[in-house]
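Here's the structure, in structure tokens; my notes come after.
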Amino acid sequence: MAREFPLDKTRNIGIAAHIDAGKTTVTERILYYTGKVHRMGEVHEGNATMDWMEQEKERGITITSAATTCVWKDHRVNIMDTPGHVDFTVEVERSLRVLDGAVTLFCAVGGVEPQSETVWRQADNYNIPRIAFVNKMDRVGSDFQNVVKMMRSRLGANAIPIQLPIGSGEIFNGLIDLVKMKAVFYEDETLGAKFYEDEIPRDLVEKSLEAREELLGALADYDEEILHHVVDGSKVREETVKKALRQAVNDVAVIPVLCGSAFRNKGVQRLLDAVIDYLPNPTDVSAVQGINPFTKKEEERHPDETEPFSALVFKVVTDPFVGRLHYLRVYSGVAKSGDYLVNATNKKKERLNRILIMHANKREEIKEIYAGDIVAVVGLKNSSTGDTICDMKHPLQLEMMDFPEPVISVAIEPKTKVDEMQLSTVLARLSEEDPTFRVKVDQDTGQTLISGMGELHLEILVDRMLREFKVHANVGKPQVAYKETITSSCRSECKFVKQSGGRGQYGHVIIELEPAPGEGFHFVSKITGNAIPKQFIPYVADGVKDSMVSGPVNGNPVVDVKVTLVDGSFHNVDSSELAFRIAGSRAFFDGIKKAGPVLMEPVMELEIVLPMEYMGDVIGNLNTRRGKVEGMSSRAQVQVISAKAPLSDMFGYATTLRSLTQGRAVYSMQFSHYEQVPQAMVAEMQGRVRGLA
């Protein structure tokens, strides 16, 4: 069976931005204009198609990335609508990993906001071609040119407008297309479905010509005809501009900037045209690289149906009707429902029972998948996020995904025996769905601790346990994910000897510890000769890792330490793997106490947007929370405070900020770095622990 849409008529895109920039509203308009839905849903009314979870409807925010497929001008467009809240940044990360292009939204009033920068860096990591859409041009205080300037200064982007707005705020009624050099006006009574092109208004002609020259200057390297125009001022055809712009976008050399108001139904069709005209199809993207798990040699797969099948699992969800769904991005080959494949990551056999095209939480079953497709499948038993599914005869393991470490924890305990039986199953399912959600049991207290990226993240997960899985549990207060590290170098030795009749145990190691900021755990062996046989060295490293679970300051995990094994000895009969593991563990445990151990806490980056009259109160409150103001600026008619503050002092800040500003301020917070806890606070924390003992 031939595929419905060829690869050159397929687009895999994501819509990403800061919270409340209008991602879901833009997606709703796209679905309406492409005929996928016949009524526009609104986020504020709780009926947006892509925000289908109860928690999303209640809060008016996107929590999980939702996939959908639509058709525009004989092209299939697969869309991922991603969250904007920093607590759910993993949803953006794993979506960008499998997409070919992205539409990044910016609020015409707020401009480049903190999560916009995070999303931009994530897209930079994967070298994803982008187009920018300045949304909310109908808002009071909107400033298109200021957003373009912020993109250039804050993001380092070569942002080049290909549209200009006609008016702003209440008088925003159309746009100027700099590629066609035509004005576009929208008819409000048709919900933006009807628009007409006209000549550019006389008062905007000069400004449009300047912007057009800037666009052609940015594209001069991509086409000789455009280069000649820059030199002698000759005319450039529309097709030539589009072709050069497409190449520049695919090279991530130019970011075309469009404008509109999704809520007022203006500019969305032109955005769809830009997706088709400028963002890459799967054949424009370079072949994926991977490792053959058996030969360990590097191989590649091209987006071609004749190549062996390969696909990446980028998301796992639990569907109440069909069970576990694994979302796949297919990079090469063809597969049918019922086919047997192999998980190249764990070398286990898998079967595709059913293949589904997703439209938010609705499903359409198909029989085959091809290179370039994004689908969900039912039937994978041994696969999780980041695994590669491929042809059994031609295995290939694609690059895994990296996810940030959680920064906040809460204790959770079931209310009844029935809940206790269900809780562990539900926690396992949720941690499988979300790689930033971690579960562990505290060895000292026996409590189950769940960890995540923020208060909202954990609040949503606990709410899902109650509503989706019907598990009732008591949840403790949030706890900060502290870590410990060392500040100086030292040498430590341990000789583990045990004799109890018959064969004994003998392991002798000498290690050196030194700080390794930002490197996590780094183990190096400098054993020369045969002081310690090679087969025992990995077990020394394992022993060190055992001791890193709990540090000497406050029992938190130890990070950013380089351990060098420099010497030791062994016994021909008594030495064993266990003996060297214990010796490594004890040597590290003794050594870290001598290496200046300190407690580290997560520090958050804040951006607070507020009216001028509340500046004093808000800054004063930040000071009481050990916050450090790093900058203040004006944006439209509000003030913006940039600051850093320890997470431990930021619990409940949303409520405090609302009361200080009569609900007129908003803030965003994201993880910045770990920093040493003041010694006075460490002593206070240790005193509390001793008092409880």
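For the numbers below, each heavy atom of this structure counts, side chains included, while hydrogens, waters and symmetry mates do not. These numbers were taken from a predicted model, which means no experiment stands behind them.
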Backbone N or O of [Y] within a donor-acceptor pair of the [X] side chain at under 3.5 Å?
X    : Y    : result
R329 : V98  : yes
N346 : N382 : yes
T388 : T345 : no
S116 : E113 : yes
E601 : V480 : no
S431 : A428 : yes
N292 : F294 : yes
R438 : S451 : no
S575 : N572 : no
S585 : R581 : no

For residues [X] and [Y], determine if any side-chain heavy atom of one lies less than 4.5 Å from a side-chain heavy atom of the other.
X    : Y    : value
V497 : Q505 : no
I412 : M465 : yes
S569 : Y506 : yes
K562 : P515 : no
V566 : E512 : yes

| Residues M632, M615; criterion side-chain contact (heavy atoms from CB on, under 4.5 Å); working and verdict | CA-CA 10 Å; M632 289 179 275; M615 287 276 283; 3.2 Å; yes
Quick one: [atom1] on [X] to [atom2] on [Y], what's the gap to the nearest 0.5 Å?
X    : Y    : atom1 : atom2 : answer
D419 : T416 : CG    : OG1   : 3.5 Å
K415 : E420 : NZ    : CD    : 15.0 Å
L578 : D542 : CG    : CG    : 11.5 Å
I510 : K526 : CD1   : NZ    : 14.5 Å
L660 : L610 : CG    : CG    : 10.0 Å
R626 : K644 : CZ    : NZ    : 15.0 Å

| task | Decide yes or no on side-chain contact (heavy atoms from CB on, under 4.5 Å) for L380 and I389, but give the supporting numbers first. | result | CA-CA 10 Å; L380 304 186; I389 308 299; 4.2 Å; yes
Where [X] and [Y] come nearest, the two heavy atoms and their spacing:
X    : Y    : answer
I537 : S525 : CD1-OG, 3.5 Å
G551 : V558 : CA-CG2, 3.6 Å
R324 : S383 : NH2-O, 3.6 Å
G555 : S550 : CA-OG, 3.4 Å
G507 : A583 : O-CB, 3.6 Å
I128 : L99  : CD1-O, 4.2 Å

| query | Is any side-chain N of the basic residue among K594 and D590 closer than 4.0 Å to the acidic one's carboxylate O? | reply |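 No, K594 and D590 are not salt-bridged.
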| request: Using a strict cut-off of less than 4.0 Å between a Lys/Arg side-chain nitrogen and an Asp/Glu carboxylate oxygen, indicate whether E433 and R464 qualify as a salt bridge. | output: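 Looking at R464 together with E433, the answer is yes, because their closest N to O distance falls below 4.0 Å.
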| query | Of D560, V559, V563, which meets side chain to side chain contact (heavy atoms under 4.5 Å, CB included) against F521? | reply |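 Going through the options one by one, the only one that passes is V563.
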| said: Between H326 and D387, does the side chain to side chain donor-acceptor pair (under 3.5 Å) criterion hold? Intermediate values first, please. | reply: CA-CA 10 Å; H326 290 73; D387 287 357; over 6 Å; no
If you count the non-hydrogen atoms of other residues, nucleotides and ligands that lie under 6.0 Å from [atom1] in [X], is the total more than 12?
X    : atom1 : value
K381 : NZ    : no
F570 : CZ    : yes
Q289 : CD    : yes
R429 : CZ    : no
F437 : CZ    : yes

| request: Mind running side chain to side chain donor-acceptor pair (under 3.5 Å) on H508 and E493 for me, showing each step along the way? | output: CA-CA 8 Å; H508 175 214; E493 179 178 4; 2.6 Å; yes
| request: List the steps and the verdict of side-chain contact (heavy atoms from CB on, under 4.5 Å) for I511 and T564. | output: CA-CA 5 Å; I511 59 174; T564 306; over 6 Å; no
